[in-house]
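Below, read A as the first sequence line, B as the second, and so on, with proteins coming before strands; counting in each chain starts at 1.
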Protein chains: 2
Amino acid sequence: MSSIRDVAKLAGVSVSTVSRVLGGSQKVGKETRRRVEQAIETIGYQPNLLAQGLRSKRGSLIGLVVPEIRQEIFSSFVEYIGDEVRARGYSLITGNTHGQPEIEDEFIESLVRRHVDGIIFSRVSDRSRALGILEKDGIPTVIIDRYLDNEDIPTIVMDNYGAGALAAEHLVGLGHRRFAVITGLQNIALCRERQRGFAEYIERCGLALPHHNVYEGNFKLESGIEAAESFLEHGIDFTAIWAENDLMALGAMNTLIRAGRKVPQDISIMGMDDIISAKIMIPSLTTIRQPFAAMCSKAVELLFGMINGEECGERRVSLPASLIVRESTARCAT
Amino acid sequence: MSSIRDVAKLAGVSVSTVSRVLGGSQKVGKETRRRVEQAIETIGYQPNLLAQGLRSKRGSLIGLVVPEIRQEIFSSFVEYIGDEVRARGYSLITGNTHGQPEIEDEFIESLVRRHVDGIIFSRVSDRSRALGILEKDGIPTVIIDRYLDNEDIPTIVMDNYGAGALAAEHLVGLGHRRFAVITGLQNIALCRERQRGFAEYIERCGLALPHHNVYEGNFKLESGIEAAESFLEHGIDFTAIWAENDLMALGAMNTLIRAGRKVPQDISIMGMDDIISAKIMIPSLTTIRQPFAAMCSKAVELLFGMINGEECGERRVSLPASLIVRESTARCAT
DNA sequence: CTGAAAGCGCTAACAC
DNA sequence: GTGTTAGCGCTTTCAG
């Protein structure tokens with residue numbers, strides 16, 4: 001691997017001149033610059049990012065920490081954020097916490113030790129504590145998707161309360177009056193928000209969501225299946241289900257159909273996220289689409305603003321959800 | 001951020017002694033070691049990985065480059081490999097090439113500049129050229145999943161030829177004699193292998209796979225839909241379809257069902273990969289499961305062997321596929 | 001067993 | 001404009 005010295009020698013200049021050419025912005029004589037560029041070209045020189053990072057405190061590295069990378073929503077974060085970061089000449093270190101605060105801490109710590117330029121972070125749950133580490137090290141951080149209410153860190157979320165209300169509005173609009181809801185983990189703030197949005201909307205319509213009609217899942221397929229089994233077993237009375245993500249909705253739908261229920265004739269089902277499976281299912285799944293691409297690009301924009309020392313005005317960006325009506329919901333028959 | 005000097009000062013020793021304690025293996029007096037550890041503890045010192053990397057040429061970093069991270073198989077690579085790498089105290093830089101050789105080159109180059117300790121690589125296609133860069137820089141590399149035949153780099157794959165034959169065997173065993181196949185891109189070696197395995201098996205049974213019954217897709221849902229539409233439109237005659245991945249199989253199944261065909265009564269369909277959607281579909285999808293976890297752990301094992309300077313004996317590891325029979329395939333009626 | 005000193009490859013004052 | 005020099009924080013000879 002060639003170093004800046006080799007270039008300097010070949011071009012007949014000092015290393016600092018080469019460094020200036022590399023930096024771009026500094027003043028270098030026209031002819032000198034040409035010679036240096038020539039030398040860089042013939043040697044095929046590429047600056048060592050470790051050395052650059054150590055010296056200048058800018059490692060061209062961004063960390064992304066998510067709870068479960070195999071879930072489509074988080075792998076889409078990796079895709080979108082990865083693309084934006086690459087376009088800016090940075091690399092992306094990804095951390096998959098498996099929903100465990102201990103692993104989360106471990107990742108954040110290693111990112112700090114590596115002096116990454118910034119971190120985008122989708123926390124495990126309210127139990128996350130990693131942010132303390134970050135604050136004292138002053139690494140620019142933005143939270144995406146999984147947030148906590150009482151924090152001062154720039155946060156990009158979808159309007160989860162509004163999404164819950166949107167789901168309720170769609171179902172009530174179809175004439176449904178008895179609902180079941182499959183939530184995510186209650187120690188995740190956005191799950192509580194979604195549920196609150198849904199419940200408060202139907203209350204405003206003079207309807208209620210009984211305790212027994214709410215099942216706490218964990219965003220995985222299996223918990224959607226378990227929810228439906230549980231509803232069936234306990235003879236819960238409802239004509240429409242909303243699940244706080246598509247995977248659980250699909251699990252529930254599958255179980256219900258196999259139990260002989262017709263969807264949407266007997267029961268309407270809707271989910272949230274708009275994953276690929278929602279589209280190819282028969283019946284296709286009515287859902288609420290999250291603006292993931294926009295969230296990611298906003299997060300990156302904010303993060304780079306902070307990296308470049310701008311004061312970050314927006315503390316809390318909340319993007320709207322949109323309703324995607326498909327086949328799994330229909331007018332209430334009863 | 002505290003440095004090794006702060007620790008040395010507090011412990012009343014030289015920086016080199018602290019460094020020795022950090023390294024672990026070197027000889028340090030028992031009492032001295034205790035004092036140093038004590039100091040590290042009270043300061044909360046963590047070595048700077050950039051500096052360590054620059055000096056020792058070991059950055060505790062692994063690069064993972066994949067064609068499309070949102071596809072479940074690749075996000076599972078990120079999960080499995082990420083876990084294994086983390087267990088060894090390394091971090092993972094991920095690169096998503098979107099199937100473009102240019103982006104692939106860009107990633108490999110930036111990994112080289114960052115002096116990562118090793119790279120795990122799932123190439124775009126036969127058009128990939130990035131390996132040249134790697135070889136000359138001597139960074140340990142292992143190929144996973146997407147390989148090329150004529151290379152000397154350690155490669156971990158599933159037995160794609162065998163998988164094709166396994167699919168054919170299952171279908172022929174059910175009495176099918178007229179097939180359609182939806183392949184991945186033909187410039188990806190493993191796609192050709194899968195198809196060859198399938199075609200040669202049915203030929204051995206005295207059956208044939210006409211040209212018109214093969215549709216070249218691109219592993220995406222849409223191409224499965226297009227394939228089915230094309231088969232329908234051209235009146236292609238078959239009783240069973242095999243698609244080289246589940247997403248395309250699901251797209252085709254959806255299209256066929258909506259066109260009035262009964263699956264599996266009229267047409268049997270099978271896929272490959274065993275993604276989550278395959279399970280929740282109605283009918284659930286018969287498929288071929290790839291041993292992704294085993295492939296990833298083998299890849300990491302080999303890679304770290306190379307990083308630690310062991311001569312890598314295994315040049316080509318080929319793991320077997322397994323058949324998962326579900327509802328979408330049945331005995332041929334005609 | 002421990003310390004002093006050199007230097008990984010680069011940037012950023014500081015001089016000229 | 002360009003060169004000289006001093007480190008960034010760490011590991012690793014080389015002495016002692």
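- Side-chain atoms of Asp145(A) never come within 3.5 Å of backbone atoms of Val157(A) as a donor-acceptor pair (strictly under, hydrogens ignored).
- Taking only distance into account, the side chain of Ser16(B) meets the base of dA4(C) through a donor-acceptor pair shorter than 3.5 Å.
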- Query: For DNA chain C, what is the dot-bracket line, given that a base pair needs Watson-Crick (N1 to N3, plus N6-O4 or O6-N4) or G-U wobble (N1-O2 and O6-N3) geometry with both distances under 3.5 Å, and | means paired with another strand?
  - Reply: ||||||||||||||||

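- Of the residues in residues 105-119 of chain B, not one comes within less than 4.0 Å of DNA chain C through any heavy atom.
- When the nucleotides dC1(C), dG3(C), dG9(C) are ranked by their closest atom to the side chain of Lys27(B), dC1(C) comes out on top.
- Put simply, CD1 on Ile4(A) is 18 Å from P on dG7(C), counting in whole angstrom units.
- In the region residues 50-58 of chain B, proximity to DNA chain C at under 4.0 angstrom, judged on heavy atoms, holds for Leu54(B), Arg55(B), Lys57(B).
- When DNA chain D is scanned 5' to 3' for any atom under 4.0 Å from a heavy atom of chain A, the first and last hits are dG1(D) to dG9(D).
- Remark: Tyr147(B) pairs with no residue by the ring-ring contact (aromatic ring centres under 6.0 Å, His included) rule, at least two apart or across chains.
- A salt bridge does not link Glu109(B) to Arg113(B): none of the charged side-chain nitrogens sits closer than 4.0 Å to a carboxylate oxygen.
- A salt bridge links Glu31(B) and Arg34(B); the closest N-O separation between the charged side-chain nitrogens and carboxylate oxygens is under 4.0 Å.
- Applying the side chain to side chain contact (heavy atoms under 4.5 Å, CB included) test to Glu41(A) and every residue at least two apart in sequence or in another chain returns nothing.
- With rounding to whole Å, Gln46(A) atom CD is found 15 Å from dG9(C) atom P.
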